[in-house]
Amino acid sequence: MRDEFEYDEDFSFSDFDDEEEDDDLGVTFEEDLYLMIREKLRDTVQEFKTQYPMLKKLENSISSFKVNAKNTDDSKFYPLAAKLLSEHIKPLTAESEEIEEIYNNLQQDISRFKNQRAHGHEGEFYLS
């Protein structure tokens, strides 16, 4: 019986587009944008904190940030979380030009919650 089985060489697992399925795991635009903002902040701080020691304050501020908005759907929760995060780090802008620049660049990404077609910030001091 084993000899009767013919392997179809045309069939290949590499033809299966796994990436396409991974793109849609139930993540909303708002959640994806918020996670991207957090990732950009984290990466920027990691990249530049040795060069700009004031960024350690920003790092502490970001890591202590928590949002508690129960019973809120994604379309409202993530824009609210981004706005609150922005307000949370805004006082640090007075202490450092670098933090102020990061804050201003962050605002461009936050504006995408209202206009999904808007281009977020891509640049040196707020990594993409």
Side-chain angles (χ1 to χ4, degrees):
M1 282 216 153
R2 264 182 124 178
D3 296 335
E4 292 176 21
F5 179 76
E6 291 181 30
Y7 179 74
D8 185 1
E9 290 182 21
D10 293 335
F11 178 76
S12 170
F13 286 106
S14 63
D15 292 340
F16 181 69
D17 190 5
D18 198 22
E19 288 179 28
E20 192 173 305
E21 275 195 28
D22 287 344
D23 288 344
D24 187 21
L25 293 175
V27 176
T28 63
F29 170 79
E30 291 83 5
E31 181 180 5
D32 189 42
L33 179 57
Y34 179 73
L35 294 174
M36 181 204 63
I37 287 170
R38 294 292 299 240
E39 184 178 349
K40 281 184 172 185
L41 286 171
R42 184 195 69 227
D43 291 350
T44 300
V45 169
Q46 292 302 315
E47 178 77 22
F48 296 107
K49 72 180 176 183
T50 56
Q51 206 173 352
Y52 304 100
M54 283 300 291
L55 293 184
K56 290 180 184 177
K57 275 190 167 184
L58 178 61
E59 180 179 40
N60 291 335
S61 182
I62 293 168
S63 65
S64 70
F65 177 72
K66 304 275 187 263
V67 178
N68 187 6
K70 295 178 181 177
N71 299 325
T72 307
D73 67 0
D74 286 0
S75 67
K76 293 181 181 135
F77 174 79
Y78 291 106
L80 173 64
K83 179 183 177 213
L84 294 174
L85 175 61
S86 173
E87 291 173 0
H88 182 74
I89 64 176
K90 187 175 182 173
L92 297 175
T93 62
E95 297 184 32
S96 163
E97 289 179 16
E98 293 79 25
I99 295 174
E100 183 176 11
E101 184 178 341
I102 292 168
Y103 173 83
N104 290 335
N105 296 337
L106 165 73
Q107 296 307 308
Q108 291 179 21
D109 277 340
I110 290 175
S111 70
R112 293 183 64 208
F113 282 110
K114 291 182 180 142
N115 180 2
Q116 293 183 17
R117 294 181 188 182
H119 291 286
H121 182 271
E122 294 181 19
E124 287 182 35
F125 209 60
Y126 181 62
L127 300 177
S128 52

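Small disclaimer: the values here were computed from a predicted structure and weren't measured.
Residues satisfying the side chain to side chain contact (heavy atoms under 4.5 Å, CB included) criterion with Asp73, sequence neighbours excluded, are Ser75, Lys76. In this structure, the ring-ring contact (aromatic ring centres under 6.0 Å, His included) partners of Phe65, at least two apart in sequence or on a different chain, are His88. In terms of the salt bridge (charged side-chain N to carboxylate O under 4.0 Å, His left out) criterion, residue partners of Lys57 (sequence neighbours excluded) are, by chain and number, Glu95.
Using a distance-only test at 3.5 Å, with no hydrogens or angles considered, no donor-acceptor pair links the side chain of Ser86 to the main chain of Ala82.
Annotation: the span from Asn104 atom CG to Thr93 atom OG1 amounts to 8.0 Å, rounded to 0.5 Å. Taking CD from Gln107 and NZ from Lys83, the interatomic distance works out to 11.0 Å, rounded to the nearest 0.5 Å. Interatomic distance, OG of Ser61 versus NZ of Lys56, reported as 16.0 Å (0.5 Å rounding). Separating the CD atom in Glu101 from the CG atom in Leu106 is a distance of 12.5 Å, to the nearest 0.5 Å. Rounding to the nearest 0.5 Å gives a distance of 8.5 Å between OG1 of Thr44 and CG of Asn105. Residue Asp32 holds its CG atom at 10.0 Å from CD1 of Ile37, rounded to the nearest 0.5 Å.
The shortest non-hydrogen separation linking Tyr34 to Phe113 is N-CZ, 4.1 Å.
Contact check for Met54 versus Leu92: no side-chain heavy atoms found under the 4.5 Å cut-off. The shortest distance between side-chain heavy atoms of Ile89 and Ile102 does not fall below 4.5 Å. When side chains are defined from C-beta on, Lys49 does not count as touching Leu58, because their heavy atoms never get closer than 4.5 Å. Within the 4.5 Å cutoff, the side chain of Glu87 has heavy atoms near those of the Leu84 side chain. You'll find the side chain of Asp109 reaches within 4.5 Å of the side chain of Arg112, heavy atoms only. Side-chain contact check for Ile99 versus Tyr52: every heavy-atom pair is 4.5 Å or farther apart.
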